[in-house]
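Working notes, beginning with the structure itself.
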Amino acid sequence: MTQSKVSVLLEECRDQSQNCLYTSASLFIWQKHARLWRQFFVIAPIVIGAMASVLLVFQESSIALKSIASTLTVLASVFPAMFVALNLDMHVAAIARSATEFTNLRDRFRQAAKFNSESEFDEFREVFEVLMDRMDSARENSPAVPEWCFKLAQQKINSGDYSHDL
């Protein structure tokens with residue numbers, strides 16, 4: 001009877017490790033894209049503002065060029081507000097923390113399956129429950145992953161990018 005409990009718990013450890021793999025891969029993909037968006041929102045207003053300045057330098061600028069320069073100036077001033085409104089800076093840091101935590105949990109569940117499954121059931125269950133408490137905390141503190149990130153993670157994992165068969 002105890003052996004069947006151990007095998008069920010062993011399978012659950014493997015399942016949780018797999019869940020963590022998909023979650024961490026999704027989060028790392030999202031983090032990469034969020035970092036690119038943050039860079040865009042920081043660099044774009046600088047470039048747009050520089051373009052507007054160049055257009056205004058010409059004293060004999062036409063009304064059309066002055067209108068374009070004004071529009072570019074307004075556009076450049078909107079970017080920082082959009083950056084703050086979208087909370088992009090927080091997302092990058094929160095996503096990175098969550099991705100790291102799920103990667104660590106993936107490894108811990110895998111190690112529990114390999115090393116603690118040989119222990120007595122109660123000892124193995126205790127290790128598992130500690131890991132599940134960490135998993136609950138990670139889930140509570142993790143931002144919801146967009147569906148497109150999960151789909152990309154599935155493709156990456158299915159292509160063998162995360163395989164340990166080296």
Side-chain angles (χ1 to χ4, degrees), residues 3-50 75-166:
Q3 184 55 36
S4 65
K5 287 181 180 180
V6 169
S7 61
V8 169
L9 197 53
L10 175 62
E11 188 60 34
E12 185 62 22
C13 278
R14 290 181 179 143
D15 289 346
Q16 292 301 330
S17 178
Q18 190 75 356
N19 291 343
C20 289
L21 169 64
Y22 279 91
T23 303
S24 65
S26 301
L27 285 163
F28 279 123
I29 288 168
W30 189 21
Q31 179 196 15
K32 181 174 66 174
H33 285 85
R35 199 175 332 125
L36 290 172
W37 277 108
R38 181 182 64 187
Q39 290 169 346
F40 170 76
F41 276 95
V42 169
I43 294 170
I46 296 168
V47 172
I48 293 170
L75 186 61
S77 67
V78 169
F79 272 82
M82 289 172 55
F83 180 76
V84 170
L86 293 172
N87 209 6
L88 288 175
D89 223 15
M90 184 286 304
H91 281 315
V92 174
I95 294 166
R97 276 192 304 277
S98 291
T100 300
E101 179 63 11
F102 280 103
T103 299
N104 292 339
L105 280 165
R106 178 200 66 200
D107 293 342
R108 294 294 181 215
F109 276 113
R110 182 179 43 79
Q111 290 168 351
K114 281 186 176 181
F115 304 119
N116 296 99
S117 62
E118 301 297 320
S119 308
E120 291 295 319
F121 174 75
D122 289 337
E123 189 178 323
F124 184 26
R125 186 182 65 201
E126 209 174 291
V127 169
F128 177 79
E129 287 176 0
V130 167
L131 289 172
M132 284 307 297
D133 288 344
R134 276 184 64 188
M135 177 75 103
D136 291 341
S137 176
R139 286 177 175 157
E140 284 176 14
N141 297 314
S142 181
V145 178
E147 184 71 22
W148 61 270
C149 294
F150 183 76
K151 297 279 186 205
L152 288 174
Q154 279 182 316
Q155 291 171 5
K156 241 174 135 43
I157 292 165
N158 291 336
S159 72
D161 279 7
Y162 289 88
S163 174
H164 291 109
D165 301 333
L166 298 177

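Because the structure is predicted, anything quoted here is derived from the model rather than measured. Just so you know, residue 1 is the first one in the sequence shown, and it goes up from there.
Note on ring orientation: taking the six-membered ring where Trp is involved, the planes of Trp37 and Phe41 are tilted (angle from 30° to 60°). Between Phe40 and Phe79, the ring planes are perpendicular. Angles over 60° get that label, and only those under 30° would be called parallel.
The line from OG of Ser137 to CD of Glu101 is 7.0 Å long, rounded to the nearest 0.5 Å. Between atom CG of residue Leu152 and atom CD1 of residue Ile29 there is a gap of 5.0 Å, rounded to the nearest 0.5 Å. We find the CD1-CZ distance between Ile95 and Phe28 to be 11.0 Å, quoted to the nearest 0.5 Å. With rounding to the nearest 0.5 angstrom, the CE atom of Met132 is 9.5 Å from the SG atom of Cys13. Separating the OG atom in Ser117 from the CZ atom in Arg14 is a distance of 7.0 Å, to the nearest 0.5 Å.
A salt bridge links Arg125 with Glu129: the distance from a Lys NZ or Arg NE/NH1/NH2 to an Asp or Glu carboxylate oxygen falls below 4.0 Å.
Scanning both residues, Pro45 and Val42, for their nearest heavy atoms gives CD-O, 3.5 Å. Taking all atoms of both residues into account, the shortest heavy-atom contact from Leu105 to Leu131 is CD2-O, 3.8 Å. Scanning all heavy atoms of the two residues, the minimum distance from Ala76 to Pro80 falls at O-CD, 3.3 Å. Among all heavy-atom pairs drawn from Ser26 and Cys149, the shortest one is O-CB, 3.6 Å. Closest heavy-atom contact between Pro143 and Leu27: O-CD2, 4.3 Å. Leu10 and Phe124 make their closest contact through N-CE2, 3.7 Å (heavy atoms, listed as atom of the first residue, atom of the second, distance).
Using a distance-only test at 3.5 Å, with no hydrogens or angles considered, a donor-acceptor pair links the side chain of Ser17 to the main chain of Arg106. Side chain of Ser159 to backbone of Lys156: a donor-acceptor contact under 3.5 angstrom is found. Looking only at distances, no side-chain donor or acceptor of Thr23 sits under 3.5 Å from a matching main-chain atom of Cys20. The main-chain N or O of Gln154 is found under 3.5 Å from a side-chain atom of Asn158 such that the two form a donor-acceptor pair.
Within a 6.0 Å radius of CD in Glu126, no more than 12 heavy atoms belonging to other residues, nucleotides or ligands are found.
Among residues at least two apart or in separate chains, salt bridge (charged side-chain N to carboxylate O under 4.0 Å, His left out) pairs with a member in residues 21-43 are Arg38-Asp89.
Side-chain contact between Glu12 and Phe109 is absent, with no heavy atoms from C-beta onward closer than 4.5 Å.
Ring centroid separation for the pair Phe102 and Tyr22 does not come in under the 6.0 Å cut-off.
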